[in-house]
Amino acid sequence: MTTPAPIAALLKAPALSVLARVLLTLPYWWSGLSKIANLSGALGEAQHFGLKPAWLVVAVTVLVQLGGSILLIVGRAGWLAAGALGVFTALATLIAHPFWTVADPMERFHALNTFLEHVGLIGGFMLAAILVERDRSRS
């Protein structure tokens, strides 16, 4: 099936690529800004998960969330940005969403769905890195 011309033109528009990367990274840059705005809450979250030293975990988290998001959005070092966000997501998902430890079947179902959504984000970062690299090689 041939892609309709207006859709093909839209898919080739650089602005759509930027918008897609803004939306893909939204949970990360929003979380990074929220952690800066509520530092005590961010430190409490790290402590809740037993991550020490909490201040260092929060600092690295904010750096990865904001730095990775910015780099990916602007299309610079896309492989590094997407890789950092993907690794961060994998680690955070294993720490915060261990569905295999949940006894209640309904809660386990929801925890598994959240876990799989995060795995899907990792796939999105892989695609974003591929597309950023393709865009840069065509320039």
* Structure fact -> To the nearest 0.5 Å, atom CZ of Phe49 lies from atom CD1 of Ile95 at 8.0 Å
* Asked: When you look at Val102 and Phe109, which way does the side-chain contact (heavy atoms from CB on, under 4.5 Å) test go after all the steps?
  -> CA-CA 9 Å; Val102 179; Phe109 173 79; over 6 Å; no
* **Residue pair Leu91, Val87: steps toward the side-chain contact (heavy atoms from CB on, under 4.5 Å) verdict** => CA-CA 6 Å; Leu91 293 172; Val87 168; 4.1 Å; yes
* To do: With the side chain counted from C-beta on, respond yes when Leu116 and Phe99 share a heavy-atom pair under 4.5 Å apart, and no when they do not.
  => no
* To do: Would you mind reporting whether Ser17 and Leu131 have side-chain heavy atoms less than 4.5 Å apart?
  => no
* Do Leu71 and Leu121 belong together in a cluster built from hydrophobic side chains that touch within less than 4.5 Å? -> no
* If Ile, Leu, Val, Met, Phe, Trp and Tyr residues are connected whenever their side-chain heavy atoms lie under 4.5 Å apart, and connections chain through other members, are Leu39 and Leu66 in the same group? -> yes
* Structure fact -> Between the CZ atom in Arg76 and the CD1 atom in Ile70, the distance rounded to the nearest 0.5 Å is 14.0 Å
* Just checking, is any N or O donor in the side chain of Asn38 or Ser40 under 3.5 Å from an acceptor N or O on the other one? -> yes
* Asked: Is Leu72 reachable from Val60 through a run of I, L, V, M, F, W or Y residues, each pair having side-chain heavy atoms under 4.5 Å apart?
  -> yes
* Distance-minimising heavy-atom pair for Val57 and Thr61 -> O-OG1, 2.7 Å
* Sub-4.5 Å side-chain heavy-atom contact between Trp100 and Leu112 -> no
* Asked: Where is the tightest heavy-atom contact between Ala103 and Arg108, given as atom of each residue plus distance?
  -> O-NH2, 2.8 Å
* Measure the spacing between CG of Leu16 and CZ of Arg21 and express it to the nearest 0.5 Å. => 10.0 Å
* Structure fact -> Ala42 and Lys35 have their tightest heavy-atom pair at CB-CG, 3.6 Å
* Test Phe88 against Phe125 for ring-ring contact (aromatic ring centres under 6.0 Å, His included), laying out the working first. => CA-CA 11 Å; Phe88 168 81; Phe125 288 127; 9.5 Å; no
* Could you pull out the closest heavy-atom pair between Thr89 and His118, with the gap in Å? => CG2-O, 3.6 Å
* To do: Could you state whether Trp79 and Val74 fall into the same hydrophobic cluster, counting links through intermediate Ile, Leu, Val, Met, Phe, Trp or Tyr residues with side-chain heavy atoms under 4.5 angstrom apart?
  => no
* Heavy-atom closest pair, residues Ala46 and Val58 -> CB-CG2, 4.1 Å
* Could you tell me which non-hydrogen atom of Gly68 sits nearest to which non-hydrogen atom of Ala81, and how far apart they are? => O-CB, 3.3 Å
* Working to the nearest 0.5 Å, report the span between CG of Leu24 and CG of Leu19. => 11.0 Å
* Using a 4.5 Å cut-off on heavy atoms from C-beta on, say whether the side chain of Ile122 contacts that of Thr93. => no
* Asked: If two hydrophobic side chains count as joined below 4.5 Å and joins carry through other members, does Val62 share a cluster with Trp29?
  -> yes
